[in-house]
Amino acid sequence: SPEAYEAYLRGMHFWNRRALRDSVPYFEKAIELAPDFALAYSGLSNAYGLLSSLELTEPVEGFRRTRENAEHALQLDPDLPDAQLAIAWMLVWYDGEWKTAEDHFLSIQQQFPDYAPAFYWHATMLGYQRRFDQAFEKLDAATELDPIAIPVTRLRTFILSMAGRYEEAIDTGLRHL
C-alpha cells in the first residue's frame, strides 16, 4: 500500500539520520498497514540491531527483536539484502561469530555487488578487528557505490582515528561537515 511505503520511507529517513528510536514507530506502522511488507520488517530489524549494538536499548531484547524481524523479512523475501545484512550484524554483535559474519558479508557483496551497506557494515567489523587496510578497501567500495552517504564518511573518520591516523581523520571529518 502507498501508506505503508510512505511509513517505511519515513522510518528509513530517521534510520539514515541515526535517529533510531524515531524510526521504529514508522517501521511498525508500515508493518501494521501491510503485514507482508518485507522491507518494513527488515528496517525494524536493522533499527533494533543498531539500537542494541550501541546499547541504546536493552541488548538481549533488542537483538531478539532484530533476529525475529530479520527472519520474518527473509521468510517473505529470501533475497532481501537488508535482512541478510541484519543477520550478519547479529552474528558480529550478539553471537560473536565473526568468521561466520564475514562469510555472510562476502556472500551479500557477491550476490548484491551494488549494495553499498554490505561494504559499509563489513568495513565496520574489519575496523573493530583492526584490519584497517581491508576496512578502507570496503569503505572505498561503499563510497564508489554511494558517494554522498554520510554514514560512510563518519565511519571512515572513525576508522582513521582507530588506526592512529588522526590528521587524516580530522581532515576527512572537516571536509564532510
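The model shown is predicted, which means the values in this text are computed figures rather than measured ones.
- Enclosure of atom CZ in R18 by more than 12 non-hydrogen atoms of other residues, nucleotides or ligands within 6.0 angstrom is indicated.
- L51 and I87 fall into different hydrophobic clusters, where Ile, Leu, Val, Met, Phe, Trp and Tyr residues are linked whenever their side-chain heavy atoms come under 4.5 Å apart, directly or through other members.
- By the ring-ring contact (aromatic ring centres under 6.0 Å, His included) test, F112 is found to be paired with no residue, residues two or more places apart in sequence or in another chain being considered.
- Scanning for side-chain contact (heavy atoms from CB on, under 4.5 Å) contacts around L9 gives Y5, with sequence neighbours left out.
- Side-chain contacts under 4.5 Å among hydrophobic residues (ILVMFWY), followed directly or transitively, place L33 with no other residue at all.
- Hydrophobic clustering, defined by side-chain heavy atoms of Ile, Leu, Val, Met, Phe, Trp and Tyr closer than 4.5 Å, groups Y26 together with F14.
- Applying the salt bridge (Lys or Arg N to Asp or Glu O under 4.0 Å) test to R165 and every residue at least two apart in sequence or in another chain returns E168.
- Pairs engaging residues 140-155 under the salt bridge (charged side-chain N to carboxylate O under 4.0 Å, His left out) rule: D140-R156 [sequence neighbours left out].
- Listed by first and then second residue, the ring pair (Phe, Tyr, Trp, His ring centres under 6.0 Å) pairs that reach into residues 45-97 are Y41-H72, F63-Y94, W89-W93, W89-W121, W93-Y128, sequence neighbours excluded.
- Listed by chain and number, the residues in a side-chain contact (heavy atoms from CB on, under 4.5 Å) with A40 are A30, I31, F37 (sequence neighbours excluded).
- In the hydrophobic clustering, I148 connects to no other residue, as no ILVMFWY side-chain heavy atoms lie under 4.5 Å from its own.
- Partners of E97 under the side-chain contact (heavy atoms from CB on, under 4.5 Å) rule, at least two apart in sequence or in another chain, are L91, D95, T100.
- A 6.0 Å sphere centred on CZ of R10 holds no more than 12 heavy atoms belonging to other residues, nucleotides or ligands.
- Annotation: side-chain contact (heavy atoms from CB on, under 4.5 Å) contacts of L145 (sequence neighbours excluded): D114, A116, F119.
- By the 4.5 Å side-chain criterion applied to Ile, Leu, Val, Met, Phe, Trp and Tyr, Y166 is assigned to no cluster and stands alone.
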